[in-house]
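A short write-up of the structure that comes next.
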Amino acid sequence: MTTTPPTATVTRAEYCVIACAEAWRDNGEVLASPMGLIPSFGARLAKRTFSPDLLLTDGEALLVGLDGTAEGWLPYRRHLTMVTGGRRHVMMGAGQIDRFGNQNISCIGDWERPARQLLGVRGAPVNTLNNPVSYWVPKHSTRVFVARVDMVSGVGYDRAEAAGVTRFHHLPRVVSDLGVFDFGGPGHAMRLVSVHPGVTVEEVRAATGFELAAAEEVPYTREPTPDELRLIREVIDPEGLREREVRG
């Protein structure tokens, strides 16, 4: 059951930007590493509003300001130091993700003969074991939210606990085009936190390949403030690129 939907003319993509921005609330002075269009807009919105201490990077070697101008140098060694000390919050994508947050960006199908090759494991294991990692999924479906990932790239709560590597392991949230999730269910299982307006809990459950924890009443994703909406539309993404990634 959900509460009464809001009436503001906010698009699904804009709710997703808001939900991604919320991942960095109260993070303090950490390096935000958004991977993807909507997460990038979310990080920039967070820094412009409720998380001004966030550090943004050009993705290579520089710390940048809100207008993209260089504010500092971030060599690889310093970047790794921030990662290993938990001073970085990544928002990655996921080809597959399971109920405990194990993520796959490597391959679909059996490792010996996969049906599809994806990005490869890349930095996912180190990211998830050394600093907070959230996830962004632009198309929520049972093909992505699966009972068991075909290969573990990012480490979930069950595997981190089994291996005894939980000191910096933290998965704050998952955002999809249908809703927002955390791992506050039994045994750190994925839990539905909110649905975007226009989406029902039943739709989310039908598009999820495992049992999803949820409260009896699930709220809608919060409304953007007028200033946040102005920033998204006029400053951060005036070309409306967000609407190409999330429709509806």
Side-chain angles (χ1 to χ4, degrees), residues 1-2 12 15-16 19-20 22-23 35-36 38-39 90-112 114-122 124-125 127-129 132-166 169-221 246 248:
M1 180 181 295
T2 53
R12 179 76 60 82
Y15 283 112
C16 290
C20 287
E22 284 289 341
M35 300 179 185
I38 297 290
V90 183
M91 182 169 281
M92 301 177 66
Q96 293 178 328
I97 188 167
D98 68 21
R99 67 190 299 242
F100 294 109
N102 295 291
Q103 168 245 33
N104 176 22
I105 52 172
S106 185
C107 65
I108 302 298
D110 187 83
W111 171 252
E112 295 296 329
R116 173 185 271 179
Q117 178 68 52
L118 304 179
L119 292 174
V121 174
R122 302 180 69 85
N127 287 342
T128 49
L129 294 180
V133 174
S134 293
Y135 292 106
W136 159 243
V137 179
K139 293 183 179 180
H140 190 128
S141 74
T142 54
R143 297 176 63 181
V144 180
F145 288 76
V146 297
R148 183 181 178 86
V149 297
D150 292 338
M151 178 179 177
V152 176
S153 302
V155 181
Y157 278 99
D158 56 343
R159 290 176 179 270
E161 290 173 0
V165 285
T166 60
H169 180 268
H170 181 42
L171 309 179
R173 67 172 45 199
V174 178
V175 179
S176 80
D177 61 329
L178 298 185
V180 180
F181 312 80
D182 66 12
F183 292 91
H188 287 298
M190 191 181 293
R191 177 180 64 175
L192 178 60
V193 174
S194 71
V195 292
H196 305 321
V199 178
T200 67
V201 173
E202 290 71 25
E203 285 180 88
V204 177
R205 290 192 187 279
T208 304
F210 52 83
E211 184 178 351
L212 187 62
E216 288 188 13
E217 290 200 10
V218 178
Y220 282 95
T221 302
V246 177

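Among residue pairs with one or both ends in residues 153-162, none qualify as salt bridge (Lys or Arg N to Asp or Glu O under 4.0 Å); sequence neighbours excluded.
Side-chain contact between Y220 and V195: present, with at least one pair of heavy atoms (C-beta onward) separated by less than 4.5 Å. Inter-residue side-chain proximity for I105 and V121 is flagged as unmet; no heavy-atom pair is nearer than 4.5 Å. Put simply, the side chain of L118 does not reach to within 4.5 Å of the side chain of S106, judged on heavy atoms. For the pair V144 and K139, the minimum side-chain heavy-atom distance is 4.5 Å or more. Contact check for V204 versus L192: side-chain heavy atoms found under the 4.5 Å cut-off.
Using a 3.5 Å distance cut-off with no hydrogens or angles, the side chains of H196 and S176 do not pair a donor with an acceptor.
Of the possible donor and acceptor atoms, one in the side chain of D177 sits under 3.5 Å from a partner among the backbone N and O of H140. Here the side chain of R173 pairs a donor or acceptor atom with the backbone of A19 at under 3.5 angstrom. Side chain of N104 to backbone of V152: no donor-acceptor contact under 3.5 angstrom is found.
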Practice task
Tell me, with the steps shown, if M190 and F145 meet side-chain contact (heavy atoms from CB on, under 4.5 Å).
Solution key: CA-CA 10 Å; M190 191 181 293; F145 288 76; 3.8 Å; yes
Problem - Criterion side-chain contact (heavy atoms from CB on, under 4.5 Å) on L212 and F181, from CA distance to verdict - result: CA-CA 10 Å; L212 187 62; F181 312 80; 3.8 Å; yes
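Closest non-hydrogen pair, V146 versus F210, comes out as O-CD2, 3.2 Å. Closest approach of P197 and R12 over heavy atoms only: O-NE, 3.9 Å.
By the 6.0 Å contact criterion, CD on E203 is enclosed, its count of non-hydrogen atoms from other residues, nucleotides or ligands being greater than 12. Within a 6.0 Å sphere centred on CZ of R122, other residues, nucleotides and ligands contribute 12 heavy atoms or fewer.
With sequence neighbours excluded, no residue satisfies salt bridge (charged side-chain N to carboxylate O under 4.0 Å, His left out) with D98.
If you look at Y157 and H169, their ring centroids are closer than 6.0 Å.
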